[in-house]
2 protein chains.
Amino acid sequence: MSYDILKQNIQKHINLSTADLELICSYFKPASLKKKEFLLTQGSVCKLEGFVIDGCFRVFTLDKKGNENTLYFAAKDWWLMDIDSFMNQVPSGLNIQAIEDSEVLLISRRDKLALYDSMPVVEKLFRIIFQKGLVSWQRRLVRNHRFTAKERYFHFIETYPGITSKLTDKQIAGYLGISHEFLSKIKKSEK
Amino acid sequence: MSYDILKQNIQKHINLSTADLELICSYFKPASLKKKEFLLTQGSVCKLEGFVIDGCFRVFTLDKKGNENTLYFAAKDWWLMDIDSFMNQVPSGLNIQAIEDSEVLLISRRDKLALYDSMPVVEKLFRIIFQKGLVSWQRRLVRNHRFTAKERYFHFIETYPGITSKLTDKQIAGYLGISHEFLSKIKKSEK
DNA sequence: CAAAAGAGTTGAACTTGTTCAACTCGGGTA
DNA sequence: TACCCGAGTTGAACAAGTTCAACTCTTTTG
């Protein structure tokens, strides 16, 4: 059952009664996306927050020159959201696209706000999730300042071997913040 | 009264009764730090979380070569913490140093955990604070990928004119992730 | 199956940023 | 006052990463 992955994810963060767990999960609705389909496009308002059950997504922005900058990839067991647009109902600066056929569990903004209001433990859950997220974003920024593109590349493939295999080099380059031509040269140099 | 700044900061995020606000604030104890004094040093465990009433701090890491990488500056009305070390009681990778004589309000880990447990609204407060923090770290990473050092420099001084005046160029360079020599050349080029 | 589009590679010229070393300048401290 | 230290500047040589263009090789799609 696909909800098991969500339940296990929540329990990694907090201890919860089975009843509470069931109740939280009941607000999430399953959805399928085909490869290349978008869950959110830049400029529109984010209406859904998701959790990936299977498949993989990339979350990226597009600048005027058409350069893609990838914020993160979300494979199985990852949360998927544009927090800013979802919470504040402002136009999103992000695109969320399936990079392979995928299954997600989605919650609407209204339901999420209702959960926050009715279950304090959900506040705690997301306080912890965001707290952990903040730490990893801080670390990523330091790596970006401190490490060369080559070091960042090897850090990435060692840290996320499972995701790497699903991605094109162009997508990885967009995550590392380098051109795909340069990534190609990095890979060649280390053969 | 110095607690007013903290109260106003909290109220920017959530609506709270005066009684709750007073109760939360009662856990925070004032402290003074002299210029160059450390609130936390790399390798030790973070025991206190702070809120800046006056002055300014820098939060940075030091690598083997002695390069300083600044995660952020915290002036009046900013929160100050190493979330990872504080929450998980692991040795910190960060240094927190006053860059001028400063006043802070500090809360211990025990008191913070007690607040989380006894007041669900505190969970909400920090859920919102971390949520906003996450958004700005994501944006900063995109700026780092997309913008040149020169663009990042002008973005910084335009966004934080008040803090800029307190900082040396070396400290700003550490925040931007460039050498201070290169920052000097950037400033010269735009005269 | 054929055509087209996208992914990856390579080279050459270029831009951005680093490193190291030498120098200047102003402010605190003995 | 004299000194020294840290901040900032500058130049030259170098390293890291980009851009553009040309080419190959898969993959997708009609």
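The structure presented is a predicted model; accordingly, all values stated were derived computationally and were not measured. Values reported hereafter were calculated over all heavy atoms of this structure, with side chains retained and with hydrogens, waters and symmetry mates removed. Numbered from 1 within each chain, the chains take letters A, B, ... in sequence-line order.
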Between B:Arg58 and B:Glu68, is the closest basic N to carboxylate O distance under 4.0 Å?
->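 Yes.
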
Compute the angle between the rotation axes at the two ends of the helix from C:dC1-D:dG30 to C:dA30-D:dT1, each taken over five pairs, rounded to 10 degrees.
->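 Overall, the helix from C:dC1-D:dG30 to C:dA30-D:dT1 bends by 40° from one end axis to the other.
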
Would you mind listing every salt bridge (charged side-chain N to carboxylate O under 4.0 Å, His left out) that reaches into [range], with sequence neighbours excluded?
| range | answer |
| --- | --- |
| residues 135-145 of chain A | A:Arg139-B:Asp84 |
| residues 5-22 of chain A | A:Lys7-A:Glu22, A:Lys12-A:Asp77 |
| residues 166-175 of chain B | B:Glu100-B:Lys166, B:Asp169-B:Lys187 |

Under 4.0 Å: is that the gap between some side-chain N or O of A:Lys188 and OP1 or OP2 of C:dG11?
->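 Answer yes for this pair, as a side-chain N or O of A:Lys188 is under 4.0 Å from OP1 or OP2.
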
Give, for atom CD1 of B:Ile157 and atom CD1 of B:Ile163, the distance between the pair rounded to the nearest 0.5 Å.
->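 Separation between the atoms: 13.5 Å.
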
Between A:Asp63 (CG) and D:dT19 (P), how many Å, whole number?
->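 So the two atoms are 10 Å apart, to the nearest Å.
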
Residue pairs passing the side chain to side chain donor-acceptor pair (under 3.5 Å) test where at least one lies in residues 117-133 of chain A, sequence neighbours excluded |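 Listed once each, the pairs are A:His13-A:Lys132, A:Glu123-B:Lys124, A:Glu123-B:Arg127, A:Lys124-B:Glu123, A:Arg127-A:Gln131, A:Arg127-B:Glu123.
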
With sequence neighbours excluded, residues passing side chain to side chain contact (heavy atoms under 4.5 Å, CB included) with B:Ser184 =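 Partners of B:Ser184 by the side chain to side chain contact (heavy atoms under 4.5 Å, CB included) criterion come out as none, since no residue qualifies.
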
Partners meeting ring-ring contact (aromatic ring centres under 6.0 Å, His included) with B:Tyr160 (sequence neighbours left out) |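 ring-ring contact (aromatic ring centres under 6.0 Å, His included) check on B:Tyr160 returns B:Phe156.
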
Apart from B:Phe38 itself, which Ile, Leu, Val, Met, Phe, Trp or Tyr residues share its cluster (side-chain heavy atoms under 4.5 Å, direct or through members)?
->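 Cluster partners of B:Phe38: B:Phe60, B:Leu62.
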
Identify the pairs formed between an N or O of the protein and an N or O of nucleotides 27-30 of chain D at a distance under 3.5 Å, and give each distance.
none

Side chain proximity check, A:Tyr3 to A:Pro30, heavy atoms < 4.5 angstrom |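 SC-SC contact between A:Tyr3 and A:Pro30 confirmed.
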
Can you list the steps and then say if B:Tyr72 with B:Tyr175 is a ring-ring contact (aromatic ring centres under 6.0 Å, His included)?
-> CA-CA 7 Å; B:Tyr72 61 94; B:Tyr175 177 89; 8.9 Å; no

Between protein and nucleotides 12-22 of chain C, map the contacts as a letter string: B base, S sugar-phosphate only, - none, heavy atoms under 4.0 Å, written 5' to 3'.
-> B----BBBB--

Could you check which residues of residues 156-175 of chain A get a heavy atom under 4.0 Å from DNA chain D? Sort them by number, please.
->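 Of all residues in residues 156-175 of chain A, none places a heavy atom under 4.0 Å from DNA chain D.
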
Between B:Asn69 and B:Thr61, is any side-chain donor less than 3.5 angstrom from a side-chain acceptor?
->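 Judged by distance alone, the side chains do not pair up.
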
Can you sort out the partners of A:Trp79 under side-chain hydrogen bond (donor to acceptor under 3.5 Å, both in side chains), two or more places apart, ordered by chain and number?
->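 If we apply the side-chain hydrogen bond (donor to acceptor under 3.5 Å, both in side chains) test to A:Trp79, skipping adjacent residues, the hits are A:Asn9.
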
